[in-house]
Amino acid sequence: MKEERIEKMNPDCYHIPVMLDECLVGLDIKPDGVYVDLTYGGGGHSREIVKRLSTSGHLYGFDQDLDAMKGAMKDDERFTFVRSNFRYIKNWMQYYGIEKVDGILADLGVSSHHLDEAQRGFSFRYDAPLDMRMNQAGKLSAKDIIAKYTEEQLADILYYYGELKQSRRIASTIVKARQAKDILTTGQLAEVVQPLMGYDREKKDLAKLFQALRIEVNGEMKVLRQMLANATDILAPGGRLVVMTYHSLEDRIVKNHIKGTNKTDNDGTDAQALIFGRPKMSLKQVNKNVTTASAEELTRNPRSRSAKLRIAEKI
Ligand SMILES: C[S@@+](CC[C@H](N)C(=O)[O-])C[C@H]1O[C@@H](n2cnc3c(N)ncnc32)[C@H](O)[C@@H]1O
């Protein structure tokens, strides 16, 4: 068991980087520049960014997960690991005395390590405690949501974050089941909802249900909006923002942010837009449509299938 864990901490097993070349090209790396990888994970992207830096360049790698920190690159003076939620990018850069950065990468969501590590409770492939916190010190777990949210709250997150058509029926089934017996594990939850899921789409629906809970546990949508606003502020003119998403909700937020049409980026934007028209755009799209993984990559990495890459440049 111990050996298995160490094996998974090995960067090659932790996570296979998605669209690696496309991200590197998107960042347009200058050897002396300052870069930020907001989602270090197994460091697949970070290691390749650092290789392209001179001794004057620097990369800051963020991750809120303790496991990512444990496996992070050490002994390279061009790299600093920051164990934090990426929403605080601006505060951390101020802390390090950095005013502007030349490029920021965000490869959103969970890593393969999260899904493979049964005890983290992200996957219905194993029976494990319902956890799903990316930050092990986070206060809210999936177990709390299943135990405490009202039927309506549950239905809403299943509908909005999981895009599950049967959200109301599933929520009502969960509430009935928890009145009879606490739902504490991924296996118990899967067993409760399974009768509602058609034979042919059972795995897909379970994946959507687990995705919805994970997004709620980690506050992913709110954090993404905050991160995009702060990351854009801290980019130098000509600096690149490269964001990879894995579901349509995230992609819509990123797309709207790049086009300058997100409503909650910063105070007053909406009111100004209503009175004076759209505020001045601070980003321009680099790739006109989203970039997706090549056919060759799809044959070796199933995770790449749902990935969408957007690249923007600070004006
Ligand atoms: C898809 S993985 C990144 C994989 C990485 N690019 C690689 O090639 O190994 C996403 C990582 O981002 C981290 N993460 C997700 N949301 C975060 C947030 N709000 N703040 C900090 N880290 C976050 C997760 O813990 C996870 O390790």
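Note that the numbering runs from 1 along the sequence shown for the chain. Computed from a predicted model, the values in this text were never measured in an experiment. Just so it is clear, the values below take in all heavy atoms, side chains as well, and ignore hydrogens, waters and symmetry mates. In listed order, ligands and their atoms are each counted from 1.
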Hey, is [X] touching ligand 1 through its side chain, its backbone, both or neither, going by heavy atoms under 4.0 Å?
| X | answer |
| --- | --- |
| Tyr14 | neither |
| His114 | side chain |
| Ala68 | neither |

Decide yes or no on side chain to side chain donor-acceptor pair (under 3.5 Å) for Tyr149 and Glu216, but give the supporting numbers first.
-> CA-CA 11 Å; Tyr149 274 31; Glu216 180 69 7; 2.6 Å; yes
Under 4.0 Å from a heavy atom of [X]: give me the atoms of ligand 1 that qualify, with their elements.
| X | answer |
| --- | --- |
| Gly44 | 7 (C), 8 (O), 9 (O) |
| Ser84 | 20 (N), 21 (C) |
| Gly41 | 9 (O), 27 (O) |
| Arg303 | 1 (C) |
| Val223 | 19 (N) |
| Pro17 | 8 (O) |

For Glu191, does the CD atom have more than 12 heavy-atom neighbours from other residues, nucleotides or ligands under 6.0 Å away?
->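 Counting other residues, nucleotides and ligands, CD of Glu191 stays at 12 neighbours or fewer.
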Would one find more than 12 heavy atoms of other residues, nucleotides or ligands at under 6.0 Å from atom CG of Asn289?
->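 No.
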For ligand 1 and [X], I'd like to know whether there is a polar contact (N/O to N/O, distance under 3.5 Å).
| X | value |
| --- | --- |
| Leu108 | no |
| Ser111 | no |
| Ile16 | no |
| Gly42 | yes |
| Asp65 | no |

Flag this pair as yes if the NZ/CZ of Arg214 is under 6.0 angstrom from the six-membered ring centre of Phe122 and inside a 45 degree cone about the axis; otherwise no.
->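 Ring-cation test returns no.
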Ile145 and Leu213, any side-chain heavy atoms less than 4.5 Å apart =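 Counting from C-beta outward, Leu213 and Ile145 do come under 4.5 Å.
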Are Ser304 and Glu297 close enough, and set up right, to give a side chain to side chain donor-acceptor pair (under 3.5 Å), and what steps lead you there?
-> CA-CA 7 Å; Ser304 306; Glu297 176 169 344; 2.6 Å; yes
In terms of residue, atom name and distance, what is the protein heavy atom nearest to [atom]?
| atom | value |
| --- | --- |
| atom 20 (N) of ligand 1 | Phe86 N, 2.8 Å |
| atom 14 (N) of ligand 1 | Met134 SD, 3.8 Å |
| atom 8 (O) of ligand 1 | His45 ND1, 3.2 Å |
| atom 23 (C) of ligand 1 | Gln64 NE2, 3.7 Å |
| atom 10 (C) of ligand 1 | Gly109 O, 3.1 Å |

Flag for Asp32-Ser54: side-chain donor and acceptor within less than 3.5 Å |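 Yes.
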Looking at Tyr95 versus Tyr60, is the centre-to-centre ring distance below 6.0 Å?
->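 No: the rings miss the under 6.0 Å criterion.
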With side chain to side chain contact (heavy atoms under 4.5 Å, CB included) as the test, would you mind laying out the steps for Glu250 and Met221 before giving the verdict?
-> CA-CA 7 Å; Glu250 282 176 336; Met221 295 301 133; 4.0 Å; yes
Among Ile89, Leu66, Asp63, closest by any non-hydrogen atom to atom 13 (C) of ligand 1 =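 Nearest heavy atom to atom 13 (C) of ligand 1 lies in Asp63.
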Option with minimal heavy-atom separation from atom 12 (O) of ligand 1, where the choices are Thr39, Val110, Leu224, Asn85 =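 Of the listed residues, Thr39 has the closest heavy atom.
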Candidates Lys139, Lys143, Met134, Arg133 - the one meeting side-chain contact (heavy atoms from CB on, under 4.5 Å) with Val217 |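 Answer to the side-chain contact (heavy atoms from CB on, under 4.5 Å) test with Val217 among Lys139, Lys143, Met134, Arg133: Arg133.
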Under 3.5 Å, is there a donor-acceptor pair between the side chain of Arg240 and the main chain of Gly26?
->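 Here the side-chain-to-backbone pair exists.
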Which of parallel (below 30°), tilted (30 to 60°) and perpendicular (above 60°) describes Phe210 and Phe124?
->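 The arrangement is perpendicular - the two ring planes meet at more than 60°.
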Tell me, with the steps shown, if Leu59 and Arg78 meet side chain to side chain contact (heavy atoms under 4.5 Å, CB included).
-> CA-CA 6 Å; Leu59 173 69; Arg78 297 167 296 175; over 6 Å; no
